[in-house]
Visitor: 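Quick one: the structure is below, questions incoming.
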Amino acid sequence: MVEYLTKSRQGQFLVVGVLFTILGFIFIPLNDAYSSILFYISIFFLGFYAAKHAVVETIKDRSPNVDLLMVLAAVGAVIIDFESEGAALLLIFAAAEVLEDYATNKSTSAISELMAQVPDTAQVLKENGDVVVTPTKELVIGDIVVVSKGGQIPIDGLIDRNAIVNEAALTGESVPVEKELKEEVFAGTINEGNVFHIEVNKTLNQTMFSNIIRMVEEAQNKPSRIAKFIDRIESKYVIGVLIIVPIFIFFLYYFLSLPLEEAFYRGMVLLTVASPCALVASATPATLSAISNGAKNGILFKGGAAMEALSTMNILYTDKTGTLTYGDFQVVDYHLDQELLKEVIYMEQQSSHPIGRAIVSAFKEINLAQVNQAESIEEIAGSGIKKGAILVGKPDAFKQYDKFDQFEKLLEKGDTTIFVAKGNEVVGYFSLRDRIRPQTASTVADFQKEGIKVYLLTGDNEKVAAQVAKEVKVDDYISSMLPEDKIDFVLKSQGKEEVVGMIGDGINDAPALANADIGIAMGSGSSVAMESSDVVVVKNDLSKLFYSYQLSKKLNKIIIQNVIFSIAVIVSLITLNMFGVLGLPLAVLFHEGSTILVILNGLRLLGSEKTKAELSGAY
């Protein structure tokens, strides 16, 4: 905060104004003339930005704002020789304005600090073996970048060996993760193992970090519903106050026969206490703090409205592949002669299909030296892969083969099953399963405890869907769905006045994400899904989604607290002024003090670790 005061022009004006205000009070018993001059100087510095905003924004937007009320109240105090009160009013108002700007900058800088962690340069390995230092912004897809032990990864890319990477800057998780050959690593994360190379697969403006910055910037420009409502009524409220204050002064002077100076003084008090400073500050600092908190913890909100709406969700639809599951396969059972197994592994090495990769990965220790590698491998469209008399593929391709009926019962388990045939006879199989993410079941249970129904909507077949639904314990599931079917479910629920959340990661999920009240995309999913959503779970950790739900509830709670408190203060101070028991110094203190309090209340959402503890015990 001290650094912000000394480096920002608005902060510097506040410091100078405070010094002259203090000197003004010191000189009151010594010399009234010097005291007045000092107060005038302090009023200039303290009121400069308020006057600038009042004039510029009123002319630009053709609507008055709260700054105008404060400037008029200070000018009115000076007119009736209450320079000290005018200075005190602008001092606390300027302090509240600086604090609100600090809160906004703090929210933004939390993300900028992450971006600053991305190195400006990278070590590029050239074809001749030389390593050349190159600006990160000049890297192109296909470049080979050397990342030393303990070094930060400068750009997104595919790793050339197994490694240990600390992704805390990206996901908020302090535990390093294991990366395998050809797995993607991200800019800003740290190599905690030995040196490795990455093949650049995205330019700097396409990296995960760049997307985070862009999305957060967009989010900060999209206020919540409450913030938009307050913005809409601000000018009307200010106009109302500007009309009422002269009427109030006239009433006191003409009907209650108060001296003009006293009536004018109480009018200035009304102008001060009726200003909705605290109300205006009730939502925005808290919302920006919550968005920043979410981003630091791996959740990106595309606006205050999305952050605010998440807490109102009462039904959550979710895709399966890549959302509840990893979207890759793992061999869970197999039966095959050892020699044939070697042949199948060699065959699948030539395939880029996820099932083929899973089989190769499961048996990567097997020696293939004895396999005949001269024989050609043929891919049979819609069936599988063939090498000589050996065929590996979908069960439907083997219905006419001998012993098919002996293996057919395996299909009842709900796993993805691949048959192997030699000649005209089925001789073995592989059963594979898409692995469920470890946080999935607990996160589903957490949402259900909050009264939110969780439904699985998937394009997979009935048996696979039933197995996943049973393991994850969702409320219900629907299988074999097309993209338009998912949209229908979303629209039907909305027709019942339910607030619908939808999680997905694929292109086929994008229409449903766009139609849902809260579209939630997985960070490793398609760019179309992320663009269609309101919320992005950066690293596919569903527990982060529940954390953001709690954060959303906390945000709404704080905004409601701020709004109620602000209105209560305004009503109380106006009432006291009506009875003539509130002077301008106390009016300034209570009114502007309430503004500072609501800003500080909103800033509570900024600290990630503290907020995690609060959220875990709050609901």
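For the numbers below, each heavy atom of this structure counts, side chains included, while hydrogens, waters and symmetry mates do not.
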Visitor: Within the side chain of Arg161, is there an N or O that forms a donor-acceptor pair under 3.5 Å with the backbone of Val195?
Guide: yes
Visitor: Please check: side-chain N/O of Thr458 versus main-chain N/O of Ser479, any donor-acceptor pairing under 3.5 Å?
Guide: no
Visitor: Please check if the side chain of Ser594 supplies one atom and the backbone of Ser566 the other of a donor-acceptor pair under 3.5 Å.
Guide: no
Visitor: With a 3.5 Å distance limit and no angle check, can you tell me whether Asn556 reaches the backbone of Lys553 through a side-chain donor-acceptor pair?
Guide: no
Visitor: With a 4.5 Å heavy-atom cut-off, do Ile436 and Val468 have their side chains touching?
Guide: yes
Visitor: I'd like to know whether Leu279 forms a side-chain contact (heavy atoms from CB on, under 4.5 Å) with Ser282, so could you lay out the CA-CA distance, the side-chain angles of the two residues, the decisive distance to 0.1 Å, and finally the verdict.
Guide: CA-CA 5 Å; Leu279 186 62; Ser282 293; 4.3 Å; yes
Visitor: Among residues at least two apart in sequence or on other chains, which ones pass ring pair (Phe, Tyr, Trp, His ring centres under 6.0 Å) with Phe546?
Guide: Phe447, Tyr549
Visitor: Which atom pair, heavy atoms only, marks the closest approach of Ala286 to Ile558?
Guide: CB-CG2, 4.1 Å
Visitor: Taking NZ, NE, NH1 and NH2 as the nitrogens, is one of them in Lys453 or Asp476 under 4.0 Å from a carboxylate oxygen of the other?
Guide: no
Visitor: Step by step, work out the side-chain contact (heavy atoms from CB on, under 4.5 Å) result for Leu204 and Leu139.
Guide: CA-CA 7 Å; Leu204 184 60; Leu139 295 175; over 6 Å; no
Visitor: From Leu158 CG over to Glu184 CD, what is the distance, rounded to the nearest 0.5 angstrom?
Guide: 6.0 Å
Visitor: Given side chains that start at C-beta, do those of Ile159 and Val147 come closer than 4.5 Å, heavy atoms only?
Guide: no
Visitor: Is the side chain of Asn191 donor-acceptor paired with the backbone N or O of Ser148 at a distance under 3.5 Å, no angle test?
Guide: yes
Visitor: Working to the nearest 0.5 Å, report the span between CZ of Arg437 and OG1 of Thr323.
Guide: 7.5 Å
Visitor: Would you give the length of the straight line joining atom CZ of Phe590 to atom CG of Leu597, rounded to the nearest 0.5 angstrom?
Guide: 11.0 Å
Visitor: So, for Ala465 and Leu456, which heavy atoms are closest and what is the spacing to 0.1 Å?
Guide: O-CD2, 3.9 Å
Visitor: Has Asn562 got a side-chain atom pairing as donor or acceptor with Phe565's backbone, closer than 3.5 angstrom?
Guide: no
Visitor: Look only at the side chain of Ser493 and the backbone of Phe489, and say whether a donor-acceptor pair between them is shorter than 3.5 Å.
Guide: yes
Visitor: Could you state the interatomic distance from CD (Glu199) to CG (Asp156), rounded to the nearest 0.5 Å?
Guide: 13.0 Å
Visitor: Do Ser548 and Phe301 touch side chain to side chain, with heavy atoms closer than 4.5 Å?
Guide: yes
Visitor: For Leu513 versus Ala521, what's the shortest heavy-atom pair and its separation?
Guide: CD1-CB, 4.4 Å
Visitor: Is any side-chain heavy atom of Asp475 closer than 4.5 Å to a side-chain heavy atom of Gln448?
Guide: yes
Visitor: Search all heavy atoms of Leu542 against all heavy atoms of Gln439 and return the closest pair with its distance.
Guide: N-OE1, 4.4 Å
Visitor: Which heavy atom of Lys202 sits nearest a heavy atom of Ile155, and at what distance?
Guide: O-CD1, 3.2 Å
Visitor: Return the minimal non-hydrogen interatomic distance between Leu605 and Ala290, and the atom names on each side.
Guide: CD1-CB, 3.9 Å
Visitor: Hey, is the main chain of Ile503 close enough, under 3.5 Å, to the side chain of Asp319 for a donor-acceptor pair?
Guide: no
Visitor: Main chain of Ala358, side chain of Ser361: is a donor-acceptor contact present, judged purely on distance under 3.5 Å?
Guide: no
